[in-house]
Amino acid sequence: MFTELDQQAVNALRFLSVDMIEKANSGHPGLPLGAAPMAYTLWTKHLRINPRDSKWLNRDRFVLSAGHGSALLYSLLHVSDFDVTIDDFKHFRQLDSRTPGHPEFGETDGVEATTGPLGQGLGMAVGMAMAEKHLSAVYNRDDFNVIDHYTYTLVGDGDLMEGISHEAASLAGHLKLGKLITLYDSNDISLDGPADLSLSDNAQKRFEAYGWQYLRVEDGTDLAAINAAIETAKATTDQPTLIEIKTVIGYGSPQSGTNKVHGNPLGAENVAALREKLDWSYEPFEVPTNIYDHFKDEIVTRGQDEEAKWQTTFDAYQTAYPELAQQLLDGFANKPLADWHQDLPTYQVGDKEASRSTGQKVIEAIAKNNVNFWGGSADLFASNKTNVPSAKAFEADAPAERNIYFGVREFGQAAAVNGIALHGGVRAFGSTFFIFSDYLRNAVRLSAIQKLPVTFVFTHDSIAVGEDGPTHEPIEQLMAWRALPNLNVIRPADANEVIAGWDIALQATQTPTVLVLSRQDLPILPGTDSLAAQGVAKGGYILSDFADGQDRDGILLATGSEVQLALAAQKQLADDGVNVRVVSLPSFELFQAQSDAYKNDVLPRDIAKRVAVEMGATLGWERFVGLDGKIIGLDHFGASGDGDAVMTKFGFTAETVVDTFKSL
């Protein structure tokens with residue numbers, strides 16, 4: 001089945017990778033040299049992709065979780081006729097290159113996910129497989145398998161050491177994601193040296209315990225054995241599969257089998273020895289025409305044929321099920337979700353509701369009107385209130401349902417949500433307690449880097465959590481999330497601001513959103529029924545203005561549950577003849593994005609007396625209160641006790657706001 005031409009094609013991938021690393025004098029040659037045979041076999045014999053239509057919605061997905069091996073992925077993309085050129089290779093790892101040091105989604109044609117932080121590629125692949133399983137259950141009909149594809153990922157020892165790999169693999173086994181196939185480049189070497197310095201896991205026992213099928217290929221250069229293993233994996237529909245393929249890192253080079261070849265260019269002398277060892281006589285970046293033709297026949301032609309067959313099926317599907325077909329296309333086009341406000345209650349002054357409870361009503365309304373909306377929680381549905389009440393659990397035998405029980409796997413949850421979004425076809429969200437958002441921070445960072453419009457709902461947002469104590473009371477989290485680029489962090493003050501926050505999240509196309517919601521009831525504030533929709537969209541707004549005809553004495557700023565304190569303080573100050581404005585500032589990022597004229601209208605430069613109130617770290621508020629203002633916040637941990645008592649103990653009262661303002 002495999003010929004000398006196949007071996008030459010494998011070597012072409014190896015040397016294209018080595019050549020770009022040498023040209024850049026930077027990169028990781030070890031993985032491309034060792035893993036080229038498995039990647040070649042997968043891409044030429046199994047992967048259903050169409051480089052001429054790289055966004056074909058029913059394509060197989062391939063995620064290089066071991067993203068440091070990016071040179072191999074770029075080589076595969078180039079010979080497969082994606083928009084990746086030899087000139088791109090010559091700018092590998094250079095500024096503004098289309099071949100960056102680690103694969104970046106949206107920067108390079110054919111790259112399905114941004115990878116490099118080890119383990120997250122596997123987590124995102126799990127999310128892609130979840131999306132495929134869910135969408136196929138929702139949309140496929142007899143004789144119309146419009147969603148029917150595999151998700152493949154290539155991982156290394158480092159990926160499987162990372163904690164997220166345990167979370168992701170456990171979830172995948174539980175959900176019986178039979179169309180998830182993982183190729184394990186098992187070379188027993190990590191960056192610091194032999195892997196047995198830190199790793200003695202039995203991969204077979206580990207993954208079988210998760211509910212995976214485990215296969216093993218003893219010789220990572222045996223194309224036929226690799227192919228047979230992938231065939232076996234594809235034939236198993238009720239288990240994800242791990243194929244452990246024993247390889248030699250840096251195969252063929254004088255430093256093969258050592259960590260020296262992991263993350264450093266080989267150097268001219270070693271490259272020359274490699275060329276002699278593998279009998280490769282071509283110049284750097286040179287690939288014979290017959291090898292290009294071979295890749296075209298194996299990948300491009302096959303991919304075009306596969307998409308053409310699928311298109312014929314989909315055309316008939318559109319005729320038979322026009323509404324379903326349009327919903328599916330709209331989902332992949334990431335169109336704004338249909339209006340859901342009609343199914344929400346209205347909120348007036350005198351009402352009270354925890355913002356997490358409002359959030360659940362919003363989620364139910366969105367889901368009722370949009371079949372392509374789903375999400376889950378890290379074993380906290382009862383507390384986060386993020387489940388869709390009218391839906392059931394998304395499970396192995398109920399894949400059409402929309403409540404994802406992620407279990408206590410915060411990091412794995414966020415990576416899976418990213419993978420769901422990367423797959424396309426749905427709008428996805430995840431949730432947990434705000435204090436535990438630190439567990440998943442790096443995955444949300446990848447949400448922002450990849451410009452994914454996903455939503456994360458973090459509840460129990462402050463020391464008002466109370467009796468659970470300082471381990472469960474967020475302090476530094478708000479400012480830490482605000483420091484992350486391309487992320488909208490929204491902390492609503494009441495139900496009307498919650499609705500506005502969800503509006504922003506659902507309209508986003510390239511920015512993830514974090515909604516920070518309360519455990520305790522919040523009163524509906526005067527004016528939010530008419531001001532919140534536009535005001536939250538701008539990040540901050542005048543909720544209660546200066547009294548007319550008096551000197552303007554200062555400004556009170558607050559977010560979330562503390563806005564009510566600012567309003568109460570405004571009344572007390574007015575009784576003492578002090579005239580202040582109250583500004584609700586639910587999103588620093590959205591406010592900073594407004595025009596200077598708008599920001600100056602809300603926070604006039606000539607009014608220096610300002611007090612900010614927020615139950616969290618004070619760092620960062622200086623930009624809004626200035627050198628002459630004061631901040632009522634927390635730069636220490638909380639305490640265990642009744643929530644109201646804890647808030648009072650730490651000065652979160654209207655009286656404290658009044659006294660602080662008067663002290664200016």
Side-chain angles (χ1 to χ4, degrees), residues 1-45 47 51 64 68-94 97-99 101 108-110 185 220-223 226 247-257 260-262 264-301:
M1 180 178 180
F2 290 95
T3 67
E4 179 62 27
L5 180 59
D6 292 298
Q7 188 56 56
Q8 289 178 339
V10 170
N11 285 337
L13 295 174
R14 286 171 166 150
F15 281 99
L16 283 174
S17 301
V18 166
D19 291 341
M20 71 177 86
I21 292 167
E22 290 300 308
K23 178 71 169 60
N25 194 32
S26 176
H28 300 74
L31 183 147
L33 289 171
M38 70 178 78
Y40 169 80
T41 304
L42 173 65
W43 279 56
T44 58
K45 303 303 179 185
L47 196 66
L64 181 66
H68 55 276
S70 60
L72 175 59
L73 178 56
Y74 300 146
S75 298
L76 286 161
L77 293 169
H78 169 70
V79 297
S80 301
D81 209 30
F82 285 87
D83 186 18
V84 179
T85 67
I86 293 294
D87 189 59
D88 291 327
F89 289 176
K90 294 177 180 179
H91 292 87
F92 176 59
R93 296 176 75 95
Q94 305 305 302
S97 168
R98 294 199 301 169
T99 49
T108 309
D109 186 30
D185 175 26
T221 67
D222 187 339
L223 304 183
I226 295 168
T247 63
V248 177
I249 190 172
Y251 178 87
S253 69
Q255 296 174 324
S256 65
K260 294 180 180 179
V261 77
H262 166 77
N264 298 295
L266 298 179
E269 184 176 338
N270 287 331
V271 171
L274 177 67
R275 290 181 185 279
E276 182 176 354
K277 173 78 173 177
L278 298 183
D279 192 24
W280 188 261
S281 59
Y282 301 100
E283 295 296 314
F285 301 110
E286 181 183 359
V287 176
T289 301
N290 67 321
I291 293 179
Y292 275 122
D293 291 341
H294 174 65
F295 277 108
K296 180 178 179 181
D297 290 340
E298 293 288 343
I299 297 175
V300 180
T301 301

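- Between Leu73 atom CG and Leu64 atom CG the span is 5.5 Å, to the nearest 0.5 Å.
- Ile299 has its side chain out of reach of Leu47: every pair of non-hydrogen atoms, C-beta onward, lies at least 4.5 Å apart.
- Taking the side-chain contact (heavy atoms from CB on, under 4.5 Å) definition, one finds that Glu276 meets it with nothing, sequence neighbours left out.
- With sequence neighbours left out, the side-chain contact (heavy atoms from CB on, under 4.5 Å) criterion links Asp279 to no other residue.
- Looking at residues two or more places apart in sequence or on another chain, you find no salt bridge (Lys or Arg N to Asp or Glu O under 4.0 Å) involving Asp293.
- Residues Glu286 and Ser281 have side chains not in contact (no heavy-atom distance under 4.5 Å, counting atoms from C-beta outward).
- Contact check for Lys23 versus Asp19: no side-chain heavy atoms found under the 4.5 Å cut-off.
- Residues that satisfy the salt bridge (Lys or Arg N to Asp or Glu O under 4.0 Å) test with Asp6, not counting sequence neighbours, are absent from this structure.
- Note that the OG1 atom of Thr221 and the CD1 atom of Ile226 stand 7.5 Å from one another [nearest 0.5 Å].
- For the pair Ser26/Gln94, no side-chain contact is recorded, criterion being any heavy-atom separation below 4.5 Å from C-beta on.
- His28 meets the side-chain contact (heavy atoms from CB on, under 4.5 Å) test with His68, Arg93, His262; sequence neighbours excluded.
- Taking the salt bridge (Lys or Arg N to Asp or Glu O under 4.0 Å) definition, one finds that Lys45 meets it with Glu298, sequence neighbours left out.
- In terms of the ring pair (Phe, Tyr, Trp, His ring centres under 6.0 Å) criterion, Tyr251 has no residue partners (sequence neighbours excluded).
- Between Tyr282 and Val287 the shortest side-chain heavy-atom distance does not fall below 4.5 Å.
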Which pairs would a plain distance check flag for residues 265-273, meaning a side-chain donor or acceptor within less than 3.5 Å of a matching protein atom at least two apart in sequence or in another chain?
residue	atom	partner	partner atom	Å
Asn270	ND2	Leu266	O	3.0

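- If you take CZ on Arg14 and CZ on Arg275, they are separated by 13.5 Å, rounding to the nearest 0.5 Å.
- In this structure, Ala9 and Tyr40 approach most closely via the heavy-atom pair CB-CE1, 3.5 Å.
- Partners of Ser256 by side-chain hydrogen bond (donor to acceptor under 3.5 Å, both in side chains), not counting sequence neighbours: none found.
- Taking CD from Gln7 and CG from Leu223, the interatomic distance works out to 6.0 Å, rounded to the nearest 0.5 Å.
- The two residues Lys260 and Asn264 have their closest heavy-atom pair at O-ND2, 3.7 Å.
- The distance from the CZ atom of Phe92 to the CD atom of Glu22 is 11.0 Å, given to the nearest 0.5 Å.
- Taking every heavy atom of both residues into account, Gly220 and Thr247 meet most closely at CA-CG2, 4.1 Å.
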Could you pull out every donor-acceptor pair under 3.5 Å between side chains of residues 74-91 and any protein atom, sequence neighbours left out?
residue	atom	partner	partner atom	Å
Tyr74	OH	Pro100	O	2.7
Ser75	OG	Ser17	N	3.4
Ser75	OG	Ser17	OG	3.1
Ser75	OG	Ala71	O	2.9
His78	ND1	Val84	O	2.7
His78	NE2	Tyr292	OH	2.6
Ser80	OG	Leu76	O	2.6
Asp81	OD2	Arg52	NE	2.9
Asp81	OD2	Arg52	NH2	2.6
Asp83	OD1	Arg98	NH2	3.4
Asp83	OD2	Arg98	NH1	2.9
Thr85	OG1	Asp87	N	3.4
Thr85	OG1	Asp88	N	3.1
Thr85	OG1	Asp88	OD2	3.2
Asp88	OD1	Arg98	NE	3.3
Asp88	OD2	Thr85	N	2.9
Asp88	OD2	Arg98	NE	3.4
Asp88	OD2	Arg98	NH2	2.7
His91	ND1	Asp87	O	2.8

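- Counting heavy atoms from C-beta on, the side chains of Phe295 and Val300 never come closer than 4.5 Å.
- By the side-chain contact (heavy atoms from CB on, under 4.5 Å) test, Gln8 pairs with Glu4, Leu5, Asn290, Ile291, sequence neighbours left out.
- Not a single side-chain hydrogen bond (donor to acceptor under 3.5 Å, both in side chains) links Thr301 to another residue, sequence neighbours left out.
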